[in-house]
Participant: 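For reference, the structure I am asking about is given below.
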Amino acid sequence: MAEEIVGSSFMDPFKGLLLTYFMPETCYDEFFLNFNFLDVPCLKIALSKGLGFGIILGSVLVKLPQILKLLGAKSAEGLSFKSVLLELLAITGTMAYSITNKFPFSAWGEALFLMLQTATIGFLIQHYGGRTSRGLLFLVVYFGLLVLLLSPVTPLSVVTFMQASNMPAIIISKLIQAASNFHNGHTGQLSAISVFLLFAGSLARIFTSLQETGDSLMAFTYVISSTCNGIIALQVLCYWNSSPERKKKKKKKKE
């Protein structure tokens, strides 16, 4: 009886959930049987898993403010389709690379939701630009290529190359958006909430990718992504009080 009491914990009802998603059994015993909450290796694992699932939950809504802003304004002014296309390429590369290498869902899950939202934004840019049919064609072609990429037909070398090409794709996509913002003197319909959430998420992913996958290529991709997202976030702050409407008013006054 004494041994059974020692081997039980108040967290036993949640043991299955914790072992499946957040920690190995050795860490469960360390935390909830030995009450050693300062075990560094276990803390790293729990923190990484927690951050990973937090990022995934956040990613479900991260670009929703951007989508709602476009729908509300019925305009995609200030957003570059080329930038969105390159960002979609980078997200798709990460997702395909992670699935092929059988990385845990907590290490890449947000890519799935970001992909769906980014594709939607790409369609809306075309739609509000008066090119709805082109937007629909873009969706059909993209999802067709995605199915092909995730199929056994695609060799591992192609998927690895896509992940490696993420870095230039991310840099170019963000530079295009940054140049567009600078040229316009405002960030247009770019959502500040989405920008800051993307920046925070990419920063956290540097730690989780190293902890959960040990893949230096994936971690370095997030370092590049964080830097580029940081540039866009700085522009949002710099152009906080600027908007397309104010720019138009200033032009009218000058005339």
Side-chain angles (χ1 to χ4, degrees), residues 55-96 108-150 162 166 169-202 225 228-229 231-237 239-240 242-248:
I55 292 167
I56 292 168
L57 288 173
S59 71
V60 176
L61 303 172
V62 72
K63 290 200 172 188
L64 187 61
Q66 181 67 79
I67 293 169
L68 293 175
K69 193 169 183 180
L70 292 174
L71 292 171
K74 291 185 172 23
S75 165
E77 186 178 356
L79 270 75
S80 166
F81 182 70
K82 289 178 183 176
S83 174
V84 169
L85 205 58
L86 285 168
E87 186 179 357
L88 192 58
L89 173 66
I91 293 168
T92 306
T94 296
M95 185 172 72
W108 63 270
E110 79 280 3
L112 172 63
F113 301 107
L114 287 175
M115 175 270 291
L116 293 170
Q117 292 169 82
T118 305
T120 302
I121 290 168
F123 167 74
L124 289 174
I125 290 173
Q126 293 293 329
H127 173 63
Y128 288 127
R131 301 177 296 274
T132 304
S133 57
R134 193 182 294 181
L136 290 170
L137 180 63
F138 153 69
L139 290 178
V140 171
V141 171
Y142 170 71
F143 283 107
L145 289 173
L146 180 62
V147 170
L148 180 64
L149 184 64
L150 295 175
M162 276 194 72
N166 273 359
I170 291 167
I171 292 168
I172 295 167
S173 71
K174 296 301 179 181
L175 284 179
I176 290 171
Q177 185 61 63
S180 177
N181 294 339
F182 181 76
H183 175 73
N184 294 332
H186 58 75
T187 53
Q189 301 305 324
L190 202 61
S191 168
I193 296 171
S194 293
V195 168
F196 292 132
L197 285 175
L198 281 170
F199 178 50
S202 57
S225 178
C228 294
N229 284 328
I231 292 169
I232 303 296
L234 279 173
Q235 284 190 316
V236 168
L237 293 174
Y239 296 130
W240 190 265
S242 298
S243 66
E245 292 76 17
R246 288 187 182 182
K247 288 285 177 184
K248 286 174 185 176

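Scope of the values below: all heavy atoms of this structure, side chains included, with no hydrogens, waters or symmetry mates.
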Participant: Got a second to check how far Glu77's CD is from Ser180's OG, nearest 0.5 Å?
Facilitator: 9.0 Å
Participant: So do Ile232 and Phe199 actually touch side chain to side chain, heavy atoms under 4.5 Å?
Facilitator: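 No, too far: nothing below the 4.5 Å cut-off.
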Participant: When rounded to the nearest 0.5 angstrom, what distance separates NZ in Lys174 from CG in Leu86?
Facilitator: 10.5 Å
Participant: Using the rule given for side-chain contact (heavy atoms from CB on, under 4.5 Å), can you reason through Leu88 versus Phe138, listing the C-alpha separation, both sets of side-chain angles and the distance that settles it, and then say yes or no?
Facilitator: CA-CA 12 Å; Leu88 192 58; Phe138 153 69; 3.7 Å; yes
Participant: For a 4.5 angstrom cut-off between non-hydrogen side-chain atoms, does Ile56 reach Trp108?
Facilitator: no
Participant: Would you call Leu124 and Leu71 a side-chain contact if the rule is heavy atoms closer than 4.5 Å?
Facilitator: yes
Participant: Side chain of Gln177, backbone of Gly78: donor and acceptor closer than 3.5 Å?
Facilitator: yes
Participant: Where do Ser80 and Ile176 come nearest, in terms of heavy atoms and distance?
Facilitator: OG-CG2, 3.2 Å
Participant: So which atom in Pro65 and which in Ile193 form the shortest heavy-atom distance, rounded to 0.1 Å?
Facilitator: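 Scanning both residues, the minimum pair turns out to be CG-CG2, 3.8 Å.
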Participant: For Leu64, I'd like to know if atom CG has over 12 heavy atoms of other residues, nucleotides or ligands within 6.0 Å.
Facilitator: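 Yes, the 6.0 Å shell around CG holds more than 12 heavy atoms from other groups.
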Participant: In Å, rounded to the nearest 0.5 Å, how long is the span from CD1 of Ile170 to OG of Ser225?
Facilitator: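 These two atoms lie 4.5 Å from each other.
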Participant: Using side-chain heavy atoms (C-beta onward) and a distance below 4.5 Å, is Phe182 in contact with Tyr239?
Facilitator: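 The answer is yes; the side chains approach within 4.5 Å.
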Participant: Measuring only between side-chain heavy atoms, which start at C-beta, is Leu79 closer than 4.5 Å to Leu70?
Facilitator: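 They are in contact (side-chain heavy atoms under 4.5 Å apart), so the answer is yes.
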Participant: Going from CD1 on Ile91 to CD on Gln117, what distance comes out if it is rounded to the nearest 0.5 angstrom?
Facilitator: 9.0 Å
Participant: How far apart are the C-alpha atoms of Leu146 and Thr92, what are their side-chain angles, what is the distance that settles it, and do they pass the side-chain contact (heavy atoms from CB on, under 4.5 Å) test?
Facilitator: CA-CA 8 Å; Leu146 180 62; Thr92 306; 3.7 Å; yes
Participant: Can you tell me how far apart CD1 (Ile231) and CG (Leu175) are? Round to the nearest 0.5 Å.
Facilitator: 6.5 Å
Participant: Verify, without hydrogens or angle tests, whether Arg131 (side chain) and Gly129 (backbone) share a donor-acceptor contact under 3.5 angstrom.
Facilitator: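 Checking the backbone N and O of Gly129 against the side chain of Arg131, a donor-acceptor pair under 3.5 Å is found.
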Participant: Take Phe196 and Val236 through the side-chain contact (heavy atoms from CB on, under 4.5 Å) test and state the conclusion after the steps.
Facilitator: CA-CA 9 Å; Phe196 292 132; Val236 168; 4.1 Å; yes
Participant: Any chance you could measure Phe81, atom CZ, to Arg134, atom CZ, to the nearest 0.5 Å?
Facilitator: 8.5 Å
Participant: Answer yes or no: is there a donor N or O on one side and an acceptor on the other, between the side chain of Gln66 and the main chain of Ile121, under 3.5 Å?
Facilitator: no
Participant: How far apart are the C-alpha atoms of Leu89 and Met162, what are their side-chain angles, what is the distance that settles it, and do they pass the side-chain contact (heavy atoms from CB on, under 4.5 Å) test?
Facilitator: CA-CA 8 Å; Leu89 173 66; Met162 276 194 72; 3.7 Å; yes
Participant: Side chains of Lys63 and Thr118: do they bring a donor and an acceptor to under 3.5 Å?
Facilitator: yes
Participant: Are side-chain heavy atoms of Phe143 and Val147 found at a separation under 4.5 Å?
Facilitator: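 Side chain of Phe143 against side chain of Val147, heavy atoms only: no contact under 4.5 Å found.
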Participant: Locate the shortest heavy-atom distance separating Ala76 from Ile125; write the atom from each residue and the value.
Facilitator: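 Heavy atoms of Ala76 and Ile125 come nearest at CB-CA, 3.8 Å.
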Participant: Can you see which heavy atom on Gly135 is nearest to which on Phe123, and at what distance?
Facilitator: C-CD1, 3.5 Å
